Structures are given as C-alpha cells and as structure tokens.
Amino acid sequence: MNFSSQKSRNTSQRCFGLTCHRVLSSLPTQRAFFGSNPPDTKLGDDGPSLISKWVLFQLGPVLSLGLPTYVEELVIRTFPLPPFLVKKDYRRLYDFFYHSSGFVQDEAEKLGISREEVCHNLLFATCFNTFGGMKIFFPNMLKWISRAGVKLHTDLAQEIRSAIRSNGGKLTMAAIEQMPLMKSVVYEGLRIEPPVPSQYGRAKKDLLIESHDAVYLVKAGEMLYGYQPFATKDPKIFENPEEFVPDRFMGDDGGRLLKHVLWSNGPETEDPTTANKQCAGKDFVVLVSRLFVVELFRRYDSFEIEVGKSPLGAAVTVTSLKRASF
C-alpha cells in the first residue's frame with residue numbers, strides 16, 4: 001500500500017501508513033504465537049521482503065506480473081522457478097523460527113516430530129498461510145470498504161468505538177464479538193474476492209461431484225481445478241453476488257450463509273484438520289483482519305483510495321484520511 005505525498009495529507013497518511021506497516025510487515029503472528037519480535041532479532045526488518053519473495057515463487061504459476069502473456073508463460077509457467085534463488089532467504093527465515101519457537105519444538109518432540117520438521121511447518125503456516133493471506137487480502141479489503149462509501153465508514157466507526165467504550169475502553173475479544181457489522185464486512189471481503197481463488201488437486205479415487213443441476217464423474221488420477229468465485233458468487237446462493245454487501249452475513253440468515261464462504265479451501269463453518277486441505281492459518285487470518293478493520297476505524301472516520309494492479313492483491317494508494325471526530 002502506498003500513500004500520497006501531498007503536504008496537506010502527509011501527517012494523517014504517515015500515521016495510517018505506520019499502522020498498516022505494523023500489521024502487514026512486522027510478522028504479528030510471531031509475537032502472538034511465539035512471543036518474539038522480529039526486529040529485535042538477526043532477521044531485523046527484512047522479514048516481509050524475504051517472505052514476499054518466497055511466496056512469489058510458490059504462487060508464480062497462478063500470478064500475473066503484468067508482462068505480455070507469452071513472456072509470462074515462458075518465464076514463470078513453463079518451467080519450475082529455481083529454488084536456489086530463494087534458498088538463502090528461506091534459511092534466514094528458518095533460523096529465526098528455529099530460535100524463536102523452542103517451546104513449540106519441545107512439545108512436538110514429545111509427539112515424535114523432529115524439530116526441523118516443526119520449523120518447516122511453522123514457517124509455512126505463518127509465512128504462507130497467514131502472512132501471505134494478509135498481504136493479499138488486506139489491500140483488497142481496503143479497496144472494497146473504501147468503495148462502499150462514507151455511510152459504511154460511519155456505521156463501522158460508530159459500532160467499533162461504541163463496543164470498545166462499553167468494554168471499559170479496551171479492545172477485547174468480548175468487544176469484537178459485539179461488532180456484527182465489522183465481522184460481516186470481513187466475511188464479505190473474503191467472499192467477493194478470495195485471497196487465493198485457484199486450487200488444484202488430483203483425484204485419489206473415482207468420485208462424483210454435484211452441482212445444483214448436474215452430477216460429474218471424476219476418474220482417479222484426473223487433475224481438478226477449482227476457481228472459488230464460481231462458488232462464492234453463485235447467484236443461487238447469494239443475492240446480488242457481484243456486489244459488496246457489508247451486512248450480508250449479519251443475523252441468523254447471514255450466519256447460515258457462512259458455510260458458502262470458501263476462501264480457506266473449505267467452509268467457513270469448519271476447521272482445518274489433518275484430514276482436509278483447509279488453510280492452516282484460517283482462524284488467525286480472520287482474527288487479524290478484524291483487528292485491522294477495528295484499528296482503522298478507531299483512528300479514522302473515513303478514507304479514500306486509488307487502486308492499481310499488483311501480482312499479489314491490489315496496489316492501494318490512500319489519497320485522503322479523516323481523523324476520528326467522535
């Protein structure tokens with residue numbers, strides 16, 4: 001996310017920029033999960049750039065870099081990207097996790113899992129599942145909230161600040177549960193533009209896949225491709241599916257729609273397990289996305305943006321901010 005350099009807007013945008021940078025770029029998951037602050041270690045402030053480069057290599061085949069199609073097909077989709085280009089970066093991240101997650105590794109060893117395997121899995125869950133999801137989703141969510149207009153901004157600010165005041169002026173989990181509009185906005189952002197819309201998988205056995213009006217036979221060994229927006233914008237499930245509807249998931253009726261929010265490679269009403277392919281960072285992405293919206297509207301009444309293209313999510317430039325006035 002970028003910020004305009006106009007003098008009249010510099011102060012507010014600089015404050016907002018610091019807020020966004022802390023959430024998007026300082027590995028908040030590390031402090032929450034392991035009690036370690038990356039800038040205080042050898043990793044320093046390099047974590048976000050190292051992770052972005054590594055994630056880019058993982059997602060290269062399904063991304064667009066803005067190059068001519070024939071160039072992208074040749075450069076990033078014809079051959080696997082050489083891992084030696086990110087080997088040193090990955091090692092720095094691995095060393096950080098190894099030295100920051102000792103108590104997790106101790107517990108894993110009791111279960112018969114090696115410390116090395118634990119670190120690789122923690123790194124993937126934190127940097128790919130969680131950080132990667134936030135890096136894509138946060139700018140997209142800003143885009144949709146901004147486009148929804150000042151009325152939504154005012155409603156969010158009123159709900160968020162009122163809930164915090166009723167909880168002694170502190171932001172707590174109880175306070176977050178008293179913010180139905182905010183929670184619905186986050187779910188709607190995940191529905192209308194899933195952070196990773198494409199999934200691939202090879203059928204392990206013959207199976208039948210049902211749609212609303214047909215059944216398809218898939219043979220073992222066949223490659224499957226799933227494009228989530230086909231489901232999350234299904235007009236038979238969602239009214240006005242192409243529109244961003246902030247209160248879509250409020251109330252009992254809205255709650256029943258959550259099973260059709262599939263951004264995590266599974267229904268929002270289910271949890272990741274060893275028996276499914278659901279995103280391991282699912283719950284943390286939702287929580288931190290809620291915190292992002294809360295912290296934004298604790299500080300500002302409204303904002304405006306310009307949106308550009310980016311390989312990962314939207315390129316958002318904040319052009320106007322209005323400080324909290326009530």
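All values below were derived from every heavy atom in this structure, side-chain atoms included, with hydrogens, water molecules and symmetry-related copies excluded. Model, not experiment: these values are computed from the prediction.
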*For Ile51 and Lys135, run side-chain contact (heavy atoms from CB on, under 4.5 Å): C-alpha distance rounded to whole Å, both residues' side-chain angles, the deciding distance at 0.1 Å, then the answer.*
CA-CA 10 Å; Ile51 297 171; Lys135 185 175 179 64; over 6 Å; no
*Could you walk me through whether Ile305 and Thr317 pass the side-chain contact (heavy atoms from CB on, under 4.5 Å) check?*
CA-CA 5 Å; Ile305 63 171; Thr317 300; over 6 Å; no
*Quick one: do Phe297 and Ser302 satisfy side-chain contact (heavy atoms from CB on, under 4.5 Å)? Show the steps, please.*
CA-CA 8 Å; Phe297 286 101; Ser302 187; 5.9 Å; no
*Would Ile176 and Leu291 satisfy side-chain contact (heavy atoms from CB on, under 4.5 Å), going step by step from the backbone distance to the final call?*
CA-CA 8 Å; Ile176 289 177; Leu291 291 174; 3.7 Å; yes
*Show your working on ring-ring contact (aromatic ring centres under 6.0 Å, His included) between Tyr300 and Phe303 and close with a plain yes or no.*
CA-CA 7 Å; Tyr300 303 101; Phe303 65 96; 8.5 Å; no
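Between Val218 and Asp206, every side-chain heavy-atom pair lies at or beyond the 4.5 Å cut-off. Annotation: side chain of Val185 is in contact with side chain of Phe244 (closest heavy-atom distance under 4.5 Å). Side-chain atoms of Leu156 and Met179, non-hydrogen and from C-beta on, never get closer than 4.5 Å to each other. Side-chain contact between Trp263 and Arg191 is absent, with no heavy atoms from C-beta onward closer than 4.5 Å. Residues Val261 and Thr232 fail the side-chain proximity criterion, which asks for heavy atoms closer than 4.5 Å. Side-chain contact between Lys42 and Phe96: absent, with no pair of heavy atoms (C-beta onward) separated by less than 4.5 Å. Counting only heavy atoms from C-beta outward, the side chains of Arg202 and Leu224 never approach each other to under 4.5 Å. Here the side chains of Glu306 and Val318 are not in contact, with every heavy-atom distance at 4.5 Å or above.
Remark: Tyr200 pairs with Tyr225 by the ring-ring contact (aromatic ring centres under 6.0 Å, His included) rule, at least two apart or across chains. Residues passing the side-chain contact (heavy atoms from CB on, under 4.5 Å) test with Thr269, sequence neighbours excluded: Leu258, Lys259, Pro267. By the ring-ring contact (aromatic ring centres under 6.0 Å, His included) test, His260 pairs with no residue at all, sequence neighbours left out. Under the rule for a salt bridge (charged side-chain N to carboxylate O under 4.0 Å, His left out), the partners of Lys53 that lie at least two apart in sequence or sit in another chain are Asp89. Take Arg161 and apply the side-chain contact (heavy atoms from CB on, under 4.5 Å) test, not counting sequence neighbours, and it matches Ala157, Arg165, Asp301, Ala324, Phe326. Listed by chain and number, the residues in a side chain to side chain donor-acceptor pair (under 3.5 Å) with Glu73 are Arg77 (sequence neighbours excluded). Tyr90 meets the ring-ring contact (aromatic ring centres under 6.0 Å, His included) test with Trp54, His120; sequence neighbours excluded. With sequence neighbours left out, the side chain to side chain donor-acceptor pair (under 3.5 Å) criterion links Asn265 to no other residue. Remark: Asp283 pairs with no residue by the salt bridge (charged side-chain N to carboxylate O under 4.0 Å, His left out) rule, at least two apart or across chains.
Using a 4.5 Å cut-off between side-chain heavy atoms of Ile, Leu, Val, Met, Phe, Trp and Tyr, with links allowed through other members, Met173 and Met182 fall into the same hydrophobic cluster. Both Ile164 and Leu287 belong to a common hydrophobic cluster when Ile, Leu, Val, Met, Phe, Trp and Tyr are linked at side-chain heavy-atom distances under 4.5 angstrom. By the rule that hydrophobic residues join a cluster once side-chain heavy atoms approach within less than 4.5 Å of another member, Val285 and Leu262 end up as members of separate clusters.
Judged by distance alone, the side chain of Asp95 and the main-chain N or O of Arg92 form no donor-acceptor pair under 3.5 Å.
Aromatic ring orientation, Phe138 versus Phe292: parallel (interplanar angle below 30°, classes split at 30° and 60°).
Remark: Phe79 CZ is loosely packed, at most 12 non-hydrogen atoms of other residues, nucleotides or ligands lying under 6.0 Å away.
Note on Lys151 versus Asp155: salt bridge recorded, some NZ/NE/NH1/NH2 to OD/OE distance being below 4.0 Å.
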Sequence neighbours excluded and cut-off under 3.5 Å, please list the side-chain donor-acceptor pairs for residues 141-148, or say none.
| unit_1 | atom_1 | unit_2 | atom_2 | d |
| --- | --- | --- | --- | --- |
| Lys143 | NZ | Glu193 | OE1 | 2.8 |
| Lys143 | NZ | Glu193 | OE2 | 3.3 |
| Trp144 | NE1 | Glu193 | OE1 | 2.8 |

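Side-chain contact of Glu270 with Gln278: a donor-acceptor pair under 3.5 Å is absent, judged by distance alone. One side chain, Ser101 or Gln105, offers a donor N or O that lies under 3.5 Å from an acceptor on the other.
The aromatic ring centroids of Tyr94 and Phe97 lie 6.0 Å or more from each other.
Clustering of Ile, Leu, Val, Met, Phe, Trp and Tyr side chains at separations under 4.5 Å places Leu208 together with Val215, Leu217.
Screening Glu188, Glu268, Arg256, Lys183 against Phe249 for a side chain to side chain contact (heavy atoms under 4.5 Å, CB included) leaves a single residue, Glu188.
Among pairs with a residue in residues 212-222, those fulfilling side chain to side chain donor-acceptor pair (under 3.5 Å) read Ser211-Asp213, His212-Asp234, at least two apart in sequence or across chains.
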